[in-house]
Amino acid sequence: MKGALFVHLIEFGQRELGEEAVEREIARLNLPSRGAYTAIGMYSFAEFEQLRQAFAAAMHMEGDALSRQFGRYALPLLVAGRAIPLTTHPFDFLEQVHGVIHQDVRKLYRDANPPMVQVAARQGSRRLVLRYESKRPMAAFCRGMLEATIDLFGCAGLYRIERIDVRPHTDFFAEFGVDLKE
């Protein structure tokens, strides 16, 4: 898994818990990396999951709630420096995630394995169905990033986002409906 997410998770933890608390959690977990991450490094998802669960417990929240909050935090950081015209519609950006952004990630990092995040259906600016599929169970993180995208484009409050895939839900696959509020 790309180190950028680890770096941002540590920053998120420090913002929410403080640097000392994050250092205590890292020491307690006895991680193979010892918590020393670089944005361009590759690390195991198991280590990411240990950190996520430790931070969630320290914040007294469920793991999915932390993942969603972390997704909202991480999106602006992950797209920083990209030429994203915020005058376009957020649905236009979401259509580029898999075909353009994740392709760029694969070109830069041959060993990267980003999730499939694709627009499955779109009705202009009224409705969009976004599909997430990955070997890593991060559907809640994807939802947080989707919410952050709507916010980033100045559309907060205009759209309703709900998970629409078949139950029981899995964290490896999700579909989200994004609908214009009437």
Side-chain angles (χ1 to χ4, degrees), residues 1-2 4-6 8-10 12-13 15-17 25 29 43-79 89-103 105-106 112-182:
M1 186 169 180
K2 290 303 306 158
L5 281 179
F6 284 83
H8 296 317
L9 181 60
I10 296 296
F12 174 74
R15 185 188 81 172
E16 298 296 319
L17 296 167
E25 290 300 322
L29 292 171
Y43 308 93
S44 78
F45 177 74
E47 192 165 325
F48 181 86
E49 186 62 13
Q50 285 181 279
L51 285 167
R52 185 185 73 88
Q53 288 295 336
F55 292 170
M59 290 181 209
H60 307 289
M61 59 191 327
E62 295 292 322
D64 281 355
L66 179 126
S67 291
R68 190 170 164 185
Q69 192 173 333
F70 175 55
R72 292 182 71 94
Y73 170 83
L75 178 92
L77 302 171
L78 293 170
V79 300
H89 196 274
F91 291 1
D92 296 329
F93 169 75
L94 291 168
E95 286 183 322
Q96 295 179 27
V97 171
H98 190 69
V100 177
I101 296 171
H102 283 168
Q103 287 298 98
V105 169
R106 284 186 193 93
N113 187 15
M116 182 193 75
V117 179
Q118 288 184 300
V119 172
R122 180 176 176 179
Q123 296 171 351
S125 62
R126 299 191 61 72
R127 177 168 174 73
L128 176 128
V129 175
L130 187 78
R131 184 174 293 147
Y132 165 86
E133 190 170 353
S134 178
K135 294 179 181 181
R136 293 177 295 276
M138 295 180 66
F141 175 76
C142 180
R143 181 178 183 142
M145 292 187 76
L146 177 57
E147 293 167 348
T149 298
I150 299 299
D151 293 349
L152 182 68
F153 282 83
C155 296
L158 299 177
Y159 287 91
R160 180 180 63 254
I161 300 171
E162 64 181 319
R163 188 151 176 193
I164 60 171
D165 54 297
V166 184
R167 291 186 182 261
H169 292 314
T170 171
D171 292 327
F172 297 94
F173 176 87
E175 286 187 336
F176 300 98
V178 184
D179 294 288
L180 187 63
K181 292 179 181 177
E182 299 295 330

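All of these numbers come straight from a predicted model, not from anything done at the bench.
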Check [X] against [Y] and note the closest heavy-atom contact, atom names and distance.
| X | Y | value |
| --- | --- | --- |
| Ala139 | Ala174 | CB-CB, 3.8 Å |
| Gln53 | Gly63 | NE2-CA, 4.4 Å |
| Gln69 | Arg15 | NE2-NH2, 4.5 Å |
| Phe91 | Ile150 | CE1-CD1, 4.4 Å |
| Ser125 | Leu180 | O-CB, 4.3 Å |

For a 4.5 angstrom cut-off between non-hydrogen side-chain atoms, does [X] reach [Y]?
| X | Y | value |
| --- | --- | --- |
| Leu66 | Glu16 | no |
| Tyr159 | Phe153 | no |
| Pro115 | Phe172 | no |
| Val119 | Leu130 | yes |
| Tyr132 | Leu146 | no |

Practice task
Evaluate whether atom CZ of Arg126 has more than 12 neighbouring non-hydrogen atoms of other residues, nucleotides or ligands under 6.0 angstrom away.
Solution key: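 No.
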
Problem - More than 12 heavy atoms from other groups under 6.0 Å of CD on Glu62 - result: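 Count not over threshold, so no.
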
Exercise for the section: For Phe141 and Arg52, run side chain to side chain contact (heavy atoms under 4.5 Å, CB included): C-alpha distance rounded to whole Å, both residues' side-chain angles, the deciding distance at 0.1 Å, then the answer. Expected result: CA-CA 11 Å; Phe141 175 76; Arg52 185 185 73 88; over 6 Å; no

Practice task
Could you walk me through whether Glu25 and Leu51 pass side chain to side chain contact (heavy atoms under 4.5 Å, CB included), step by step?
Solution key: CA-CA 8 Å; Glu25 290 300 322; Leu51 285 167; 5.9 Å; no

Handout entry: Tyr43 vs Leu5, side chain to side chain contact (heavy atoms under 4.5 Å, CB included): CA-CA, chis, key distance, verdict
Key = CA-CA 10 Å; Tyr43 308 93; Leu5 281 179; over 6 Å; no

Rounded to the nearest 0.5 Å, how far apart are [atom1] of [X] and [atom2] of [Y]?
| X | Y | atom1 | atom2 | value |
| --- | --- | --- | --- | --- |
| Glu147 | Leu75 | CD | CG | 11.0 Å |
| Glu133 | Cys142 | CD | SG | 11.5 Å |
| Leu94 | Phe176 | CG | CZ | 11.5 Å |
| Arg122 | Glu95 | CZ | CD | 4.5 Å |
| Asp64 | Met138 | CG | CE | 11.0 Å |
| Phe12 | Phe70 | CZ | CZ | 7.5 Å |

Exercise for the section: Evaluate side chain to side chain contact (heavy atoms under 4.5 Å, CB included) for Phe173 paired with Arg131, printing each intermediate quantity in order. Expected result: CA-CA 7 Å; Phe173 176 87; Arg131 184 174 293 147; 3.6 Å; yes

Practice task
In plain terms, say whether Glu182 and Arg160 are close enough for a salt bridge, that is, a side-chain N and a carboxylate O under 4.0 Å apart.
Solution key: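 Not counted as a salt bridge, because no side-chain N and carboxylate O are separated by less than 4.0 Å.
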
Handout entry: Expected output: side-chain Asp165 to main-chain Glu175 donor-acceptor under 3.5 Å
Key =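 Present.
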
Practice task
Please state whether the rings of Phe48 and Phe6 are parallel, tilted or perpendicular, taking 30° and 60° as the class boundaries.
Solution key: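 Taking Phe6 first and then Phe48, their aromatic rings stand perpendicular (interplane angle over 60°).
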
